[in-house]
Amino acid sequence: MASNPPDPIIRLRGVTKTYGEGPTAFQALKGVDLDISAGDFVAVMGPSGSGKSTTMNMLGCLDVPSSGTFEFKGVHVERLDRDQRALLRRKYLGFVFQGFNLLARTSALENVELPLLYRGESRKERQQAGMAALEQVGLAPWWKNTPAELSGGQQQRVAIARAIVTNPDVLLADEPTGNLDSERSIEIMELLTRLNQERGITVLMVTHEADMAAFARTIVHFKDGLVERIDTGHRAGVPV
Ligand code: ADP
């Protein structure tokens, strides 16, 4: 039986984004077309100001295009209102940031449980899922520790556990290794690779570093508000 290529989980067509109005208006995205297959590991690269964050905000359903279409699992996100986008975000997306964004004076487990609290899950469900997520990132023994009692690499692992505790389809990571030394960075990339390969989570990651992008299967290069080039077929985890 012939197998068709999978439908993209994300499809951008002619996406533009203009900030401001009138003479000071600035077009940050100038017509982006992009397909991302379910299960891919994508690195987004490009010079500062090329539109990477604007695109990630859109893919994270935090913002909508000025024109063009963004389909997520076939749903036209640009037609949704803010509340509908928030629901979609909570159900399908996980976020990891450069600065970890953990609550201080709060244990690793409570940090990881937070997205489930917003979902209204019971204390028992939250604790079970939270511990399972900490286990996935190798931090179960540290569940009681606060961020200040953990290294930078461990804090980013807690942030990744928080991002996967809801079983998202897509993990969006904005320079997840930006604050880490190279050894810790590689550990984080290996963890993202494992989540991608073993759990089938689609990973979208902005990075400035070619060493980190080399872990991805697809590399999307942005330039001047457009996709300049897409490199496909990297073997994830094998630096080029
Ligand atoms: P990158 O992430 O690749 O550095 P961005 O998507 O952050 O690029 O920004 C693209 C362009 O849009 C930049 O020139 C930036 O100054 C501009 N920009 C981003 N956000 C805003 C905003 N809220 N208001 C006005 N201009 C913005």
Side-chain angles (χ1 to χ4, degrees), residues 41-44 52-53 56-57 60 62 89-90 92-216 236-237 239:
F41 187 153
V42 180
V44 174
K52 303 182 298 295
S53 305
M56 289 295 271
N57 283 345
L62 296 161
R89 203 157 57 230
R90 259 181 246 160
Y92 297 111
L93 307 179
F95 293 87
V96 178
F97 307 94
Q98 179 175 0
F100 318 142
N101 293 13
L102 299 174
L103 296 180
R105 293 190 292 278
T106 304
S107 73
L109 180 59
E110 285 166 325
N111 266 287
V112 173
E113 284 179 18
L114 211 56
L116 303 177
L117 193 65
Y118 295 142
R119 277 189 181 184
E121 294 194 11
S122 75
R123 190 182 165 86
K124 191 164 166 230
E125 284 171 330
R126 294 200 310 264
Q127 285 183 346
Q128 274 175 358
M131 281 309 291
L134 279 174
E135 209 140 305
Q136 289 248 332
V137 302
L139 277 185
W142 282 269
W143 67 272
K144 266 189 186 167
N145 292 66
T146 62
E149 296 164 344
L150 298 169
S151 71
Q154 287 175 322
Q155 289 181 50
Q156 191 58 307
R157 281 167 182 273
V158 173
I160 291 171
R162 181 186 54 190
I164 61 169
V165 77
T166 54
N167 278 320
D169 288 30
V170 178
L171 197 59
L172 293 145
D174 195 354
E175 299 204 52
T177 63
N179 281 342
L180 301 175
D181 64 34
S182 56
E183 206 174 316
R184 260 15 98 200
S185 295
I186 288 170
E187 284 173 16
I188 292 297
M189 294 314 303
E190 285 171 347
L191 173 57
L192 293 178
T193 301
R194 198 153 51 75
L195 294 172
N196 172 251
Q197 290 179 347
E198 292 174 9
R199 293 188 47 171
I201 299 178
T202 307
V203 178
L204 297 178
M205 166 187 79
V206 172
T207 182
H208 282 111
E209 297 166 85
D211 290 1
M212 302 304 135
F215 282 86

Enquirer: Quick one: are Val170 and Ile201 in side-chain contact, heavy atoms under 4.5 Å?
Expert: no
Enquirer: Taking side-chain contact (heavy atoms from CB on, under 4.5 Å) as the definition, give me every residue that meets it alongside Arg105, ordered by chain and number, with sequence neighbours left out.
Expert: none
Enquirer: Under the side chain to side chain contact (heavy atoms under 4.5 Å, CB included) criterion, do Leu172 and Val96 qualify, and how do the steps go?
Expert: CA-CA 6 Å; Leu172 293 145; Val96 178; over 6 Å; no
Enquirer: Using the side-chain contact (heavy atoms from CB on, under 4.5 Å) criterion, which residues pair with Ala43? Sequence neighbours excluded.
Expert: Met205, Thr207, Ala213, Ala216, Ile219
Enquirer: Please report the shortest heavy-atom distance between Ala163 and Phe95, naming the atom on each side.
Expert: CB-O, 3.5 Å
Enquirer: Once side chain to side chain donor-acceptor pair (under 3.5 Å) is applied, do any residues pair with Ser107, and if so which ones, sequence neighbours excluded?
Expert: Glu110
Enquirer: Where do Val203 and Leu192 come nearest, in terms of heavy atoms and distance?
Expert: CG2-O, 4.1 Å
Enquirer: Using only atom types and a distance under 3.5 Å, with no angle test, would you say the side chain of Arg126 pairs donor to acceptor with the backbone of Glu121?
Expert: yes
Enquirer: Considering only residues two or more places apart or on different chains, which pairs with a residue in residues 165-175 satisfy side chain to side chain donor-acceptor pair (under 3.5 Å)?
Expert: Lys73-Asp169, Asn167-Arg199, Glu175-His208
Enquirer: For Arg89, which residues count as a salt bridge (Lys or Arg N to Asp or Glu O under 4.0 Å) partner, sequence neighbours excluded?
Expert: none
Enquirer: Could you pull out all residues at least two apart from Ala133 that satisfy side-chain contact (heavy atoms from CB on, under 4.5 Å)?
Expert: Val112, Ala161, Ile164, Val165
Enquirer: Over all heavy atoms of both residues, which pair between Thr202 and Asn196 is shortest? Give the atoms and the distance, please.
Expert: CA-ND2, 4.4 Å
Enquirer: Among all residues two or more places apart in sequence or in another chain, which pass the side chain to side chain donor-acceptor pair (under 3.5 Å) test with Arg119?
Expert: none
Enquirer: Using the side-chain contact (heavy atoms from CB on, under 4.5 Å) criterion, which residues pair with Glu135? Sequence neighbours excluded.
Expert: Ala140
Enquirer: Got a sec, which residues hit ring pair (Phe, Tyr, Trp, His ring centres under 6.0 Å) with Tyr92, two or more places apart in sequence or on another chain?
Expert: Phe72
Enquirer: Can you name the closest pair of heavy atoms from Arg90 and Tyr118 and give their distance?
Expert: NH1-O, 4.4 Å
Enquirer: Run Leu171 and Leu204 through side chain to side chain contact (heavy atoms under 4.5 Å, CB included) and show every step you take.
Expert: CA-CA 6 Å; Leu171 197 59; Leu204 297 178; over 6 Å; no
Enquirer: Between Ala173 and Met56, what is the shortest heavy-atom contact and its length?
Expert: O-CE, 3.7 Å
Enquirer: Name all residues meeting the side chain to side chain donor-acceptor pair (under 3.5 Å) criterion together with Arg184; count only those two or more places apart in sequence or in a different chain, and write none if there are none.
Expert: Glu187
Enquirer: Please report the closest heavy-atom contact between Gly99 and Asn179, naming both atoms and the distance.
Expert: CA-ND2, 3.8 Å
Enquirer: Could you please spell out the steps behind the side chain to side chain contact (heavy atoms under 4.5 Å, CB included) verdict for Lys144 and Leu109?
Expert: CA-CA 7 Å; Lys144 266 189 186 167; Leu109 180 59; over 6 Å; no
Enquirer: Enumerate, atom names and distances included, each donor-acceptor pair closer than 3.5 Å involving a side-chain atom of residues 147-157, sequence neighbours excluded.
Expert:
{"residue": "Glu149", "atom": "OE1", "partner": "Thr146", "partner atom": "N", "Å": "3.0"}
{"residue": "Ser151", "atom": "OG", "partner": "Gln154", "partner atom": "N", "Å": "3.2"}
{"residue": "Gln154", "atom": "OE1", "partner": "Ser151", "partner atom": "N", "Å": "3.0"}
{"residue": "Gln155", "atom": "NE2", "partner": "Pro147", "partner atom": "O", "Å": "3.3"}
{"residue": "Gln155", "atom": "NE2", "partner": "Leu150", "partner atom": "O", "Å": "3.2"}
{"residue": "Gln156", "atom": "NE2", "partner": "Phe97", "partner atom": "O", "Å": "2.9"}
{"residue": "Gln156", "atom": "NE2", "partner": "Pro176", "partner atom": "O", "Å": "2.8"}
{"residue": "Arg157", "atom": "NH1", "partner": "Val137", "partner atom": "O", "Å": "2.7"}

Enquirer: For Val158 and Trp142, run side chain to side chain contact (heavy atoms under 4.5 Å, CB included): C-alpha distance rounded to whole Å, both residues' side-chain angles, the deciding distance at 0.1 Å, then the answer.
Expert: CA-CA 10 Å; Val158 173; Trp142 282 269; over 6 Å; no
